[in-house]
Amino acid sequence: MAITDAGQVADRRVVEKRPSRLFKNMTAKIASIPMVFTAVVVFIGCTLWTVYHSFTGSRLLPAPDKWVGLDQYERLWGTSRWLISVENLAIYGFCSMILSLVIGFTLAALLDRKIRFENTIRTIILYPFALSFIVTGLAWQWILNPSLGLQNVVREAGWTSFTFDPLNNPDIVIFGILIAGIWQGSGFIMVVMLAGLRGIDEDIWKASRVEGIPAWKTYIFIIIPMMKPVFVTALVLIASGIIKVYDLVVAQTSGGPGIASEVPAKYVIEKMFQSQNLGQGFAASTMMLVSVLIVLIPWAYLEFGGKKRD
């Protein structure tokens, strides 16, 4: 009994010496205060402030007392310019996600075969990502210029009937902008995918060769499912660039021809700073936030909620 009592006393002393959860990792918690402050006060606070003022008739300056309800949203969705912006973003976003993933993964798979001059090729493909969107947009504006760029070069080579002028065609202008976006972003997605491929155990490839499984089946049924977190990361990176696409449009077309290449980010900026209509700009930015949440919430539920149930 004495030994048991002594052991209980010793255990009690050990428990008493252990710091409570509140005081564990105090250094890390103190260091995270600026980040928490920024996230809660600046990001969430400014978001709520924007949403609130989207229900007001604010013009040059915020006017919280001019409550107009849903008038700004009714005016927004009744504007053809906004509807064209949303349609362009949907086309650009869908094509950008698919093509960036396919091209990026294909390039990564080719480089993963341990080819010669891999470092040089990887640097060349990644180089466009180091350029700003303005530089990329101006470069592709010149390349797609019918009198100076690709069309002119092909015609001078003898194919005089060749026509490729997307930036001046309202029906396909968004695809001209898409070309520039894919050219700049595919290299970065390639690097992300290549990092994921290099993390695959080499024994998996050896086993597939022993079993006589073709390389394309190994990629589709084994490698790609194992790289699900890498694909999720790539999709998040692509989506963040899609929502805020603005520089490419301004550099290549300035929203033209007419309003054929307008995008939501450009609509928001012009309403807030050129038209001096803060209420309409806040309403448009709120709709952009809602579109992000519509995609983000189901993904977060499937990604984290499913794991908890398991």
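Quick caveat, the model's predicted, so the values are computed rather than measured. Below, all heavy atoms of this structure are taken into account, side chains as well, without hydrogens, waters or symmetry copies.
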- Counting heavy atoms not belonging to Phe162, are there more than 12 under 6.0 Å from its CZ?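 Enclosed.
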- Query: Heavy-atom count around Trp49 CH2 within 6.0 Å, excluding the residue itself: above 12?
  - Reply: yes
When you compare the side chain of [Y] with that of [X], does any pair of heavy atoms fall below 4.5 Å?
X	Y	value
Leu150	Trp142	no
Val263	Tyr92	no
Leu278	Pro62	yes
Val86	Met287	no
Asn152	Ser147	no
Leu101	Met193	yes
Phe43	Thr38	no

Where is the tightest heavy-atom contact between [X] and [Y], given as atom of each residue plus distance?
X	Y	value
Ala284	Val268	CB-CG2, 3.5 Å
Ala239	Met97	CB-CE, 3.6 Å
Val230	Val192	CG1-O, 3.6 Å
Ala265	Val245	CB-O, 3.6 Å
Ser254	Glu262	O-OE2, 4.5 Å
Ile204	Ile200	CD1-CG2, 4.0 Å

Between atom [atom1] of [X] and atom [atom2] of [Y], what is the distance when rounded to the nearest 0.5 Å?
X	Y	atom1	atom2	answer
Leu237	Ile242	CG	CD1	11.0 Å
Ile172	Leu167	CD1	CG	9.0 Å
Ser100	Ile182	OG	CD1	3.5 Å
Asp203	Ser208	CG	OG	10.5 Å
Ile179	Ile174	CD1	CD1	11.0 Å
Leu289	Ser291	CG	OG	7.5 Å

- Message: So, applying side-chain contact (heavy atoms from CB on, under 4.5 Å) with Gln141, which one of Ile143, Leu138, Leu144, Asn145 is it?
- Response: Leu138
Single-linkage hydrophobic cluster, 4.5 Å side-chain cutoff, [X] and [Y] together:
X	Y	value
Trp205	Met227	yes
Leu248	Ile238	yes
Phe282	Leu70	yes
Phe175	Leu89	yes
Val51	Ile44	no

- Query: Has the side chain of Thr79 got a donor or acceptor atom that lies under 3.5 Å from a matching backbone atom of Trp82?
  - Reply: no
- Query: Distance-only, no hydrogens or angles: does the Thr253 side chain make a donor-acceptor pair with backbone N or O of Gly255 under 3.5 Å?
  - Reply: yes
- Item | Distance-only side-chain donor-acceptor flag, Trp159 / Ser161, under 3.5 Å | yes
- Message: Show me the pairs that pass side chain to side chain donor-acceptor pair (under 3.5 Å) and involve residues 165-192, at least two apart or across chains.
- Response: Thr136-Gln184, Asp165-Asn168
- Can you pull the side chain to side chain donor-acceptor pair (under 3.5 Å) pairs that have at least one residue in residues 50-72, sequence neighbours excluded? Ser54-Tyr73, Thr56-Ser58, Gln72-Arg75, Gln72-Gln280
- Between Phe231 and Phe105, does the ring centre distance come in under 6.0 Å? yes
- Message: For Phe129, give me all partners under ring-ring contact (aromatic ring centres under 6.0 Å, His included), at least two apart in sequence or on another chain.
- Response: Phe188
Under 3.5 Å, side-chain donor or acceptor atoms of residues 210-226 against the rest of the protein: list the pairs with distances, not counting sequence neighbours.
unit_1	atom_1	unit_2	atom_2	d
Thr218	OG1	Pro214	O	3.0
Tyr219	OH	Arg113	NH1	3.4

- Task: Begin with the C-alpha distance, continue with both residues' side-chain angles, and end with the deciding distance and a verdict on side-chain contact (heavy atoms from CB on, under 4.5 Å) for Tyr127 and Thr123.
- Result: CA-CA 6 Å; Tyr127 177 74; Thr123 302; 5.6 Å; no
- How is the hydrophobic cluster of Leu110 composed, in terms of its other members, when Ile, Leu, Val, Met, Phe, Trp and Tyr link through side-chain heavy atoms under 4.5 Å apart, directly or indirectly? none
- Item | Listed once per pair and sorted, the salt bridge (Lys or Arg N to Asp or Glu O under 4.0 Å) pairs that draw on residues 119-135, sequence neighbours left out |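 Counting only pairs at least two positions apart or across chains, the salt bridge (Lys or Arg N to Asp or Glu O under 4.0 Å) contacts touching residues 119-135 are Glu118-Arg122.
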